[in-house]
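All remarks here apply to the structure that follows.
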Amino acid sequence: MGDAALLYARGMKAFRASLLYFSDCQAVLEQDGLLVVGPDQAGRQIVQVVGSYQALAARYPDLVVEHLPGRMIAPGFVDMHIHYPQLDVIGSPADGLLPWLENYTFPHEKRFAAPEHNAEAAPFFVAELLRHGVTTALAFATSHPESVDALLGEAQKRGLRMIAGKVLMDQNAPDGVRDKTEQSLRDTEALINKWHGVDRLGYAITPRFVPSCSAAQLHGAGELAARYPDVWIQSHVAENTSEIAWVQQLYPEARSYLSVYEQFGLLRPRAVYAHCIHIDDEDRALMRATGAAAAVSPTSNLFLGSGFFDYVNADRVGFLYGLASDVGGGTSFSPFHTMLAAYYVGREGQTKPGVSLSPQRLWWQHTAGAAQALGLEGVVGNLLPGCEADFVVLNPQATPLLARKTAQAGSLDELLFALIVLGDDRVIERTVISQASLA
Ligand code: GUN
Ligand code: ZN
């Protein structure tokens, strides 16, 4: 059987549109491209062929091609840090992180003990991710194991690649969200065994942040992390100056906030720390040496007045990072809003003068770069052969101003910048995930 017949027989699908993908960190735009997706030997839908339509079409004469004139196909977005129970916390103003947690976040998270609440919230949350073109997410649930079951169950139903974990929080939190040390660790292990590696799902050991976890709980989390090395770890670090002062009181001997996590064995590849704003070069070197990654959450950092991620020094030292919404400290599910906020943060900078992050780089940080930081390089976040077939169909004419602006784009940078600055969910015409297609 020839190539074309093979493809046809295997139930391939093909799309003709302009195609955006990444070769290393460099964005490539195939103006008139062909994307062929189909099952691999394990039955996963993956990218089989990507390239120029003119060059490839003749090789697959029997393939039915869906032509999408004027549309751009791009990798599905990867959100490195988001809170499922904070859907309704978006836009809750406070005098910084700690009062925001106390007055809005913890009261909202209490509601996730109830199955009826999860039954309503989980489908809404997953649908909202997909509506915004997010096809992979690393998410906090709440301290209630039921919230993980609801979220991962829903993600499984929709075929979404989702990594999530039950929050560990046995101190400095109110009744209703606080858990018990031993039980919380037993629950975590049971959830790992139930969900990690099932279909496209993963588990993340989730100590909320140092102030909310006893030393015994952090120690237990570190033990689990050692026992389950391919499970993720997620937490927060160095977001806010009052939070840092609190950690200093709790661990006066510690060299830095980040070093507390190191002390408990919680820095390693697949460990993802949201924020990493107020860190120094020793911390940056520790991130690099351990393979831990930062989830840069610019809309959250601007909304809560937490500070600015230091792109210049992060790149000088060189550690893994990618972009995240951090809903509900973050203000939007939209990767376009997050990329634009990251641009503002780069311009402002912690190190003066700031940087003007290129649109290609911003886009990479929310797709292939975020996938790399999660240890999922070559699996998601790109459209190279072998990647899981998660992609978005973008309409660069989605609004009158976008149509006007993108029509004038003289380069890939100008096109991507127009989308980043003017784009939102209206640009996402379709989100296609490896197993299902959504209109
Ligand atoms: N630090 C501890 N918990 C949280 C949270 O829910 N959101 C943010 N942004 N920071 C945190
Ligand atoms: Zn967060």
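None of the values given here were measured: they were computed from a predicted structure. The residues of the chain are indexed from 1 along the displayed sequence. Each ligand, and each atom within it, is numbered from 1 in the order the structure gives.
- Considering backbone and side-chain N/O of Q86, one or more are found under 3.5 Å from N/O of ligand 1.
- Aromatic pair H236/H83: ring centres closer than 6.0 Å.
- Put simply, no part of F140 is less than 4.0 Å from ligand 1, judged by heavy atoms.
- Between F391 and F15, a ring centre-to-centre spacing shorter than 6.0 Å is recorded.
- Residue-to-ligand polar distances keep T105 apart from ligand 1: every N/O pair is separated by 3.5 Å or more.
- Between the side chains of S147 and Y84, no donor N or O sits under 3.5 Å from an acceptor N or O.
- Under the 3.5 Å distance criterion, the side-chain polar atoms of S235 are matched with a main-chain donor or acceptor of R208.
- Applying the 4.0 Å criterion to heavy atoms of H83 picks out, from ligand 1, the atoms 5 (C), 6 (O), 7 (N).
- Compare E109, H108, H236, M169 by their heavy atoms: the one nearest to atom 5 (C) of ligand 1 is in H236.
- Ring centers of F417 and Y343: under 6.0 Å apart, within the cut-off.
- For an aromatic pair to be called close, the ring centres must be under 6.0 Å apart, and H81 with F140 satisfies this.
- Using a 3.5 Å distance cut-off with no hydrogens or angles, the side chains of D326 and S297 do not pair a donor with an acceptor.
- Closest protein heavy atom to atom 6 (O) of ligand 1: R208 NH2, 2.7 Å.
- Scanning the protein for heavy atoms near atom 10 (N) of ligand 1, the closest one is E239 OE1, 2.7 Å.
- With hydrogens and angles left out, the side-chain atoms of E189 and N193 include no donor and acceptor closer than 3.5 Å.
- Protein N/O/S atoms closer to the Zn ion (ligand 2) than 2.8 Å number 4 in this structure.
- Side chains of D424 and S334: a donor-acceptor N/O pair is absent below 3.5 angstrom, by distance only.
- Under a 4.0 angstrom heavy-atom cut-off, E243 registers as lying outside contact with ligand 1.
- A perpendicular orientation is assigned to the rings of Y311 and F309, their planes being inclined by more than 60° (bins at 30° and 60°).
- What sits closest to atom 7 (N) of ligand 1 on the protein, heavy atoms only, is W100 CZ3, 3.4 Å.
- With a 4.0 Å cut-off on non-hydrogen atoms, H275 touches ligand 1 through its side chain and not its backbone.
- For the 3.5 Å distance criterion, the side chains of H275 and N301 qualify, holding a donor opposite an acceptor.
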